[in-house]
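One structure is given here, and the rest of the page talks about it.
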Amino acid sequence: IPPLDRCHCNKIINVIHFTCGPGSGKGTQCEKVVAKYGFTHLSSGDLLRAEVSSGSERGKQLAAIMEKGELVPLDTVLDMIKEAMIAKADTSKGFLIDGYPREVRQGEEFEKKIGAPSLLLYIDAKAETMVKRLMKRGETSGRTDDNEETIKKRLDLYYKATEPVIAFYEGRGIVRKIDSEGSVDQVFSQVAKAIDSLK
Ligand SMILES: Nc1ccn([C@H]2C[C@H](O)[C@@H](COP(=O)(O)OP(=O)(O)OP(=O)(O)O)O2)c(=O)n1
Ligand SMILES: Nc1nc2c(ncn2[C@@H]2O[C@H](COP(=O)(O)OP(=O)(O)O)[C@@H](O)[C@H]2O)c(=O)[nH]1
Ligand SMILES: [Mg+2]
């Protein structure tokens, strides 16, 4: 990995964290943000799943953790994000970082090693809505963690570890809360408004 300072502070413009519960619709909204704004989308879950698919030793360890609905070690995710950001730092208009930070410490380490985010998007969804969407997605996703038992654990962990992240950034005034209960386009219009407010 090249020296971090290349990717520190003003070099990384528009870092947007997308932190919400599983099944709240982050992935769906991220696609629309990329189409409209051309930001670089980095999904921490996708990066981890790519490592699992590679069949590496590290991937096997990650797979076991993710199947249980737990969080993988902090440094693993952060290194992957950092590598992906450095690879795009010269050409990117901004980074949309999906599924990160998942716990307050992940946010603190990101700032130490990479930089401060300009916005934290948070889709507020009811537990019932998240479970319903994930169970439906599980019919076709092939994801080993889209099953009833793991979904329950992911939700518990979300309330315990991830919700405090929102409070942490609320103190800085960069959180935009978005209501999940409308259509995909209704949710997106709230997302777009939050991003436009950055300019
Ligand atoms: N910063 C992160 C991101 C992900 N993971 C692990 C735990 C998650 O359960 C799994 C899958 O991550 P996703 O972001 O894909 O999972 P979600 O549960 O949020 O589902 P999705 O975003 O697809 O709804 O990877 C992690 O440990 N640390
Ligand atoms: N009704 C409704 N369903 C949605 C919306 N956004 C996503 N979904 C569905 O909910 C499921 C989870 O969405 P996904 O984007 O994978 O959520 P993520 O887990 O937060 O990344 C998918 O099957 C989507 O089709 C929405 O705004 N409204
Ligand atoms: Mg997703």
Side-chain angles (χ1 to χ4, degrees), residues 17-35 41-53 58-59 61-85 95-110 113-114 117 120-166 178-192:
H17 284 318
F18 215 136
T19 292
C20 347
S24 56
K26 310 184 280 298
T28 305
Q29 292 299 321
C30 283
E31 271 180 39
K32 294 179 77 72
V33 171
V34 170
H41 174 212
L42 299 176
S43 158
S44 45
D46 288 349
L47 290 169
L48 292 167
R49 282 186 286 276
E51 182 73 27
V52 171
S53 306
R58 179 161 83 161
Q61 289 162 10
L62 296 176
I65 298 170
M66 289 161 75
E67 245 174 82
K68 285 190 276 183
E70 294 169 5
L71 291 180
V72 309
L74 189 154
D75 291 335
T76 309
V77 196
L78 190 54
D79 283 351
M80 284 179 174
I81 292 177
K82 198 172 74 189
E83 271 174 62
M85 287 181 81
F95 291 94
L96 183 62
I97 303 178
D98 161 10
Y100 191 98
R102 278 290 223 281
E103 54 183 351
V104 172
R105 255 192 73 217
Q106 288 189 0
E108 290 170 340
E109 288 301 308
F110 184 94
K113 294 195 172 170
I114 300 172
L120 186 132
L121 291 169
Y122 161 53
I123 304 181
D124 186 18
K126 289 186 286 200
E128 189 197 322
T129 304
M130 295 191 262
V131 172
K132 211 166 65 195
R133 289 183 186 173
L134 290 170
M135 289 302 290
K136 180 105 187 73
R137 186 176 75 186
E139 291 169 12
T140 53
S141 69
R143 277 179 53 167
T144 54
D145 57 352
D146 279 347
N147 65 73
E148 203 168 348
E149 197 190 332
T150 310
I151 289 170
K152 191 180 173 308
K153 289 193 195 146
R154 283 154 70 199
L155 271 184
D156 286 347
L157 188 61
Y158 166 70
Y159 288 115
K160 203 169 81 196
T162 311
E163 266 203 348
V165 172
I166 319 284
I178 285 149
D179 176 17
S180 74
E181 304 299 325
S183 67
V184 171
D185 286 337
Q186 280 166 345
V187 174
F188 183 65
S189 79
Q190 300 172 65
V191 169

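Because the structure is predicted, anything quoted here is derived from the model rather than measured. Read the numbers this way: they start at 1 and go in the same order the structure lists the ligands and their atoms.
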Practice item. Return the option from Ala161, Gly25, Ser44, Pro73 holding the heavy atom at the smallest distance from atom 3 (C) of ligand 1. Key: Ser44
Exercise for review: Please indicate whether any nitrogen or oxygen in Tyr100 is less than 3.5 Å from any nitrogen or oxygen in ligand 1.
Suggested key: no
Check your understanding: Going by distance only, is there an N or O of Gly23 that falls short of 3.5 Å from an N or O of ligand 2?
Key -> yes
Practice item. Provide the closest heavy-atom pair for Pro101 versus Thr162 in the form atom of the first, atom of the second, distance. Key: O-CG2, 4.0 Å
Exercise for review: Just let me know how Ser183 lines up against ligand 2, side chain, backbone, both or neither, with a heavy-atom cut-off below 4.0 Å.
Suggested key: backbone
Point to revise | Heavy-atom side-chain proximity of Ile114 to Met85 below 4.5 angstrom | key: yes
Check your understanding: Are any of the N or O atoms of Arg102 closer than 3.5 Å to those of ligand 1?
Key -> yes
Check your understanding: N/O of Leu48 under 3.5 Å from N/O of ligand 1, yes or no?
Key -> no
Review point. Do Thr144 and Met66 come within less than 4.5 Å of each other through their side chains, counting heavy atoms only?
Key: no
Study note, to complete from the structure: atom 15 (O) of ligand 2 has as its nearest protein heavy atom Thr28 OG1, 2.5 Å
Review point. After noting the C-alpha distance and the side-chain angles of Ile97 and His41, does the key distance pass the side chain to side chain contact (heavy atoms under 4.5 Å, CB included) rule?
Key: CA-CA 6 Å; Ile97 303 178; His41 174 212; over 6 Å; no
Study note, to complete from the structure: Any heavy atom of Val77 under 4.0 Å from ligand 1? The part involved is side chain
Exercise for review: For atom 25 (O) of ligand 2, decide whether some protein heavy-atom distance is shorter than 4.0 Å.
Suggested key: no
Practice item. Pull out every atom of ligand 2 sitting under 4.0 Å from any heavy atom of Gly27, numbered as shown with elements. Key: 15 (O), 18 (P), 21 (O)
Practice item. Select the closest option to atom 22 (C) of ligand 2 among Arg137, Met135, Arg143, Glu31, judged by heavy-atom distance. Key: Arg137
Exercise for review: Return a yes/no value for Lys26: is any of its N or O atoms, backbone included, closer than 3.5 angstrom to an N or O of ligand 1?
Suggested key: yes
Point to revise | Side-chain donor or acceptor of Arg102 paired with backbone N/O of Thr19 under 3.5 Å | key: no
Review point. Got the closest protein heavy atom to atom 8 (N) of ligand 2, with its distance?
Key: Arg133 CD, 4.0 Å
Point to revise | Asp146 and its salt bridge (charged side-chain N to carboxylate O under 4.0 Å, His left out) partner, picked from Lys152, Arg49, Lys136, Arg137 | key: Arg137
Review point. Atoms of ligand 2 less than 4.0 Å from Ser24 heavy atoms?
Key: 20 (O)
Check your understanding: Is there a donor-acceptor contact under 3.5 Å linking the side chains of Glu181 and Thr129?
Key -> yes
Point to revise | Contacting atoms of ligand 1, where contact means under 4.0 angstrom from a heavy atom of Glu70 | key: 7 (C)
Point to revise | Atoms in ligand 1 flagged as close to Gln106, the criterion being non-hydrogen separation under 4.0 Å | key: 1 (N), 28 (N)
Review point. Taking N or O atoms only and a 3.5 Å limit, does Ser180 qualify as a polar contact for ligand 2?
Key: no
Practice item. May I ask you to test the Val191-Val33 pair for a side-chain heavy-atom distance under 4.5 Å? Key: yes
Check your understanding: Tell me: protein heavy atom nearest atom 18 (O) of ligand 1, and distance?
Key -> Arg154 NH2, 2.7 Å
Review point. With atoms numbered from 1 as shown, which atoms in ligand 1 lie under 4.0 angstrom from a non-hydrogen atom of Val72?
Key: 26 (C), 27 (O)
Check your understanding: Going by heavy atoms, is Gly182 under 4.0 Å from ligand 2?
Key -> yes
Check your understanding: Mind checking whether Gly69 has a heavy atom under 4.0 Å from ligand 1?
Key -> no
Check your understanding: Does the Glu103 side chain pair with the main chain of Val165, one donor and one acceptor, at a distance under 3.5 Å?
Key -> no
Check your understanding: Are any side-chain N or O atoms of Gln29 and backbone N or O atoms of Val184, one a donor and one an acceptor, separated by less than 3.5 Å?
Key -> yes
Review point. Do we get Lys32 above Phe188's six-membered ring, with its NZ or CZ under 6.0 Å from the centre and within 45° of the axis?
Key: yes
Check your understanding: Do Gln186 side-chain atoms and Ser183 backbone N/O form a donor-acceptor pair below 3.5 Å?
Key -> yes
Check your understanding: Between Ile81 and Ser44, which heavy-atom pair has the shortest distance, and what is it?
Key -> CD1-CB, 4.2 Å
Review point. Is ligand 1 under 4.0 Å from a heavy atom in the side chain of Arg143, in the backbone, in both, or in neither?
Key: side chain
Check your understanding: What about Asp98: any of its N or O atoms under 3.5 Å from an N or O on ligand 1?
Key -> no
Check your understanding: Which residue holds the protein heavy atom closest to atom 11 (C) of ligand 1, what is that atom called, and what is the gap in Å?
Key -> Arg49 NH1, 3.6 Å
**Study point:** ligand 1 to Leu134 polar contact by distance, N or O atoms, under 3.5 Å
**Key:** no
Check your understanding: Should Gly99 be counted as touching ligand 1, given the test is an N or O pair under 3.5 Å?
Key -> yes
Check your understanding: What is the minimum heavy-atom distance between Ile123 and Ser180, and which atoms define it?
Key -> CG2-CB, 3.3 Å
Review point. So which heavy atom on Ala84 is nearest to which on Leu42, and how close?
Key: CB-CD2, 3.6 Å
Practice item. Using a 4.0 Å heavy-atom threshold (strictly under), name the region of Arg137 that reaches ligand 1: side chain, backbone, both or neither. Key: side chain
Study note, to complete from the structure: shortest atom 10 (C) of ligand 1-to-protein heavy-atom contact is with Met66 CE, 3.8 Å
Practice item. Would you sort out whether Glu149 and Lys153 count as a salt bridge (Lys or Arg N to Asp or Glu O under 4.0 Å), showing the intermediate values? Key: CA-CA 7 Å; Glu149 197 190 332; Lys153 289 193 195 146; 3.8 Å; yes
Practice item. Assign the ring pair Tyr100 / Phe110 to parallel, tilted or perpendicular, where the plane angle (0 to 90°) is split at 30° and 60°. Key: tilted
Check your understanding: Going by the order shown, which atoms of ligand 1 are within less than 4.0 Å of some heavy atom of Pro22?
Key -> 17 (P), 18 (O), 19 (O), 24 (O)
Point to revise | Any N/O pair Gly25/ligand 2 closer than 3.5 Å | key: yes
Practice item. Would you confirm whether Thr150, through its side chain, and Glu67, through its main-chain N or O, come within 3.5 Å as a donor-acceptor pair? Key: yes
Check your understanding: Going by heavy atoms in the side chains, are Leu62 and Val72 under 4.5 Å from each other?
Key -> yes
Point to revise | atom 20 (O) of ligand 2: the protein heavy-atom neighbour that sits closest, reported with distance to 0.1 Å | key: Lys26 N, 2.8 Å
Check your understanding: Backbone, side chain, both or neither: what part of Val187 comes under 4.0 angstrom of ligand 2, heavy atoms only?
Key -> side chain
Revision key, fill the gap. Atom 26 (C) of ligand 1 sits nearest the protein heavy atom Leu71 CD2, 3.7 Å
